[in-house]
2 protein chains.
Amino acid sequence: MRAEILAVGTELLLGDIINGNAAWLGQRFAEVGVDVARSVVVGDDLDAITDAVDAASKRADAVVITGGLGPTRDDLTRDALARAAGVPLRRDPAIEQRIRDRYSALGAPVRGLALQQADLPVGGTLLPNDRGTAPGLRIELGETAVYALPGVPDEMTAMFLAAVLPDLLERAGRAAAIVTRVLHTAAVWESVVGERLRDLDAELTARGNPRLSYLAAPAQVRVRITAAASSREEADALIEPVEIRARQLLGSTVYGVDGEELDRVVHRLLAERGATVAVAESLTGGLLGAALTNMPGSSATFRGGVTAYASELKSASLGVPAELLADRGAVDPSVAVAMAAGARDRLGATYGLGVTGVAGPDPSEGHSAGTVHVGLAGPSGQTLVHSPVFAGHPRARIRELTVVHALDVLRRHLLGLAPFHGWEDPG
Amino acid sequence: MRAEILAVGTELLLGDIINGNAAWLGQRFAEVGVDVARSVVVGDDLDAITDAVDAASKRADAVVITGGLGPTRDDLTRDALARAAGVPLRRDPAIEQRIRDRYSALGAPVRGLALQQADLPVGGTLLPNDRGTAPGLRIELGETAVYALPGVPDEMTAMFLAAVLPDLLERAGRAAAIVTRVLHTAAVWESVVGERLRDLDAELTARGNPRLSYLAAPAQVRVRITAAASSREEADALIEPVEIRARQLLGSTVYGVDGEELDRVVHRLLAERGATVAVAESLTGGLLGAALTNMPGSSATFRGGVTAYASELKSASLGVPAELLADRGAVDPSVAVAMAAGARDRLGATYGLGVTGVAGPDPSEGHSAGTVHVGLAGPSGQTLVHSPVFAGHPRARIRELTVVHALDVLRRHLLGLAPFHGWEDPG
């Protein structure tokens, strides 16, 4: 089966947005062995979209379109599909009602352009969108199945996995058992992961199945194991020994599998111990607390946080000794620990995490950007500090890296492990 | 002048690499007023590359190709260009010598495939590459100038700026200037923006120049005005009346232009008034403080924040009256205001912002997910509350929307404006 990807949006051509949707779709297609022959971007222009849809549908067995389904005048994918199919648009009363309900639930009058999201080319079928108002649609152009999805990544990915991929595999008449398992690592360098897995990867590449792929996020490398087989059980059986070997090679840097995010793991470890955590932040400005409240129900193990951005607040709000600040400055391991202890005491938590450092781009108090100290304070006065160095990264990245390392310091402490600096041998 | 971008590389189709080159080129073209009509990605396949080059050269005045110029067997861009031009490849002795010198300098034997980088379609001219071994090349296909550059970003960008861009501008005979202006709005629904601008948009679409396009982020719709003219001054003159009308139609929901982000605008308004802000958060868990510390130097106007996730901390850490919490619960307008006042007093700021609500997905204290209250406390006891409803959004989106609305409440208050709910007519 040959697929093509078509992204619609002038903002993509202008470079305002990078076409991450196409890369994500390419990865998913590769996992299931569908060959993506071409990926095209056109602007919000009816002729250009229609022409691109027409050409792609003549070359490929399946075409996935992202974007152009919203409620503004330049959302033209529906019209282009109708033109390419030579059919009129029909307004779907059910969707129209859903949109009207949504608006009235918000106590707002419904706007005319919002309703164009209920228009559907005759012969097209709906792809429900649980995360937004714009539904996707599927239509046959000759022998080719064309799927139109919203450009908003979280809506697009959810709809592709729920509705498009199963339909594609069924069309391909494929034993649709593709199983993937993702191992999540924290605070370990991508090059170390690649090094540790090199032989296993080479062996699997020679065999062709299962396959390894890598996805690097800041301080979190994800290793995806993908197996194809005629049944889910067979695929699982193929994955299991590979997962065991990969876990042995990556050791304690593996914090979770598949949907397990680092914050969830930390909450679970805390809950198992009947413990809670509070945070004290400076350079992260609240990002650490935000990460610890990503998941529903986090209030069971997260107490709260204090962001002492103005330096004197580290004393006033967290009880960091003023003389310590005067003596060592705000960017110091002992200050990180004192912040952690302050958060623990003042917010009534079992553990306190404190982060201080320099997000940059400029140095502060003589410390260069990327200087970071993570302090941890636990029951019966136990404390530790972790001081990674994130030199050479932009401000936003330094803040992200700090959050991941802080969460991992707590995770490893709860497991009885010392902090990990990134390049050591995963024990 | 119409340009097209063609990226060559199977790794792009597989999603191993995101096509950042295309976004970078799109930005450069937009800056100099060259309209990019289409951006295509094909794999390392001779027929696919040749076909894509041929089609692009028939549509566009200029085609920029990235990738496929290296020393491996799957680097096929040179061959594809020769086929599209109907000419043979000729080995350039000067480049061949440079490559041989380079290898001997490294003390390495010259691999046969390395020399293919010295092959050039007859009629093509070289584009020197100071940063790598693979030179680029330029060839005319009919009326169209085709430029082939390496896929390595720093080589590609250097060669584009040094050799391709000047050549393009010269061909365009003093390139037509395209100027874009982006208006940023906050807290107004995309459908309302579309509605308000519908007539102006229709009028401009009929005229064809300037054009409007829309880019939607959570609670922030960006309206881009793009004008093409023979000079930058003429383009500016075309944009000005459109910008004035768009600003009139969108009113106070427009917070900034071009690079101005909402947090920067808030910091600027605070600085102009010699004021500072502190935040008290619950459902956002620190995201509001994080937004207010995105930009360097934000410590001048941001004091810090308290995240009182555990309900009783709203009393302990922020001084929200316990009887108020007992009486009204944590999700209440009066609690948001009390949190704001507490943050203002305890963190020593001119203004306090307090947010409480239900991020979901489940209801809390009988309030449904998406219930949000933003409180503001200012000097001399002034307070106000804004209670938007974000029903039907996922948890993460509700948190994002809350942050944008909270920042906008402060922005509007500093400008003497009441909070905006999203669907009203922008005053």
Side-chain angles (χ1 to χ4, degrees), chain A residues 10-11 13-16 18-20 22-27 30 36-44 48 70-74 102 105-106 108-109 111-114 131 281 284-290 292-294 296 299 302-310 313 317 346-347 361-362 395, chain B residues 12-15 18-20 22-27 30 36-43 48 190-192 194-195 198 201 213-216 281 284-290 292-293 296 299 302-310 313 317 346-347 360-362 389 391-392 394-396 422-423:
Chain A
T10 300
E11 69 276 12
L13 292 178
L14 292 169
D16 292 341
I18 288 183
N19 192 4
W24 186 89
L25 288 168
Q27 291 170 357
V36 176
R38 186 180 298 227
S39 175
V40 175
V41 179
V42 293
D44 301 307
T72 64
R73 188 183 190 82
D74 62 4
R102 193 169 192 128
L106 300 171
R111 301 285 177 168
L113 281 171
R131 308 192 180 194
E281 310 187 51
T284 46
L287 287 176
L288 180 54
L292 282 164
T293 53
N294 270 337
S299 57
F302 177 68
R303 295 281 300 167
V306 171
T307 296
Y309 212 64
L313 289 179
S317 305
R346 301 201 170 193
L347 302 178
D362 301 322
R395 177 181 176 90
Chain B
L12 290 163
L13 293 176
L14 293 171
I18 290 183
N19 192 4
W24 185 88
L25 287 168
Q27 292 170 355
V36 176
R38 186 180 299 229
S39 174
V40 175
V41 179
V42 293
E190 187 178 9
S191 56
V192 174
E195 187 73 16
R198 174 193 263 161
D201 198 341
S213 63
Y214 308 87
L215 177 57
E281 310 187 51
T284 45
L287 286 176
L288 179 55
L292 283 164
T293 53
S299 56
F302 177 69
R303 294 282 299 167
V306 172
T307 296
Y309 213 64
L313 288 180
S317 304
R346 299 199 171 195
L347 302 179
D362 301 325
V389 178
R395 177 181 176 89
W423 61 81

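A note on names: the letters A, B, ... follow the listed sequences, proteins ahead of strands, and every chain is numbered from 1.
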Among [options], which residue has the highest count of heavy-atom pairs closer than 4.5 Å to chain A?
options	value
A48(B), A310(B), A308(B), S39(B)	S39(B)
G194(B), A290(B), P361(B), G304(B)	A290(B)
G422(B), P296(B), S299(B)	P296(B)
A396(B), A30(B), A37(B)	A37(B)
T284(B), L347(B), D362(B), V389(B)	L347(B)
V40(B), L13(B), V192(B)	L13(B)

### Query
Is the closest side-chain heavy-atom distance between N19(A) and N19(B) below 4.5 Å?
no
### Query
Is there side-chain contact between L113(A) and T72(A), with at least one heavy-atom pair below 4.5 Å?
no
Tell me, for [X] versus chain B, whether the close heavy atoms (under 4.5 Å) come from the side chain, the backbone, both or neither.
X	result
R303(A)	both
R395(A)	side chain
A105(A)	neither
L313(A)	side chain

Quick check on [X] against chain A: is it the side chain, the backbone, both or neither that has a heavy atom closer than 4.5 Å?
X	value
S317(B)	side chain
L287(B)	both
A391(B)	both

#### Entry: Main-chain N/O of G289(B) paired to E281(B) side chain as donor or acceptor, under 3.5 Å
yes
[options]: which one forms the most heavy-atom pairs within less than 4.5 Å of chain B?
options	result
I18(A), V42(A), L14(A)	L14(A)
V36(A), T293(A), L288(A), L25(A)	T293(A)
G43(A), G286(A), G70(A), A22(A)	G286(A)

Out of curiosity, [X] [atom1] to [Y] [atom2], how far, rounded to the nearest 0.5 Å?
X	Y	atom1	atom2	value
Y214(B)	E11(A)	OH	CD	13.0 Å
E195(B)	E190(B)	CD	CD	12.5 Å
T307(B)	F302(A)	OG1	CZ	6.0 Å

### Residue of the set D44(A), D16(A), D74(A) for which side chain to side chain donor-acceptor pair (under 3.5 Å) holds with T10(A)
D44(A)
#### Entry: Where A114(A) and P71(A) come nearest, the two heavy atoms and their spacing
CA-CB, 3.9 Å
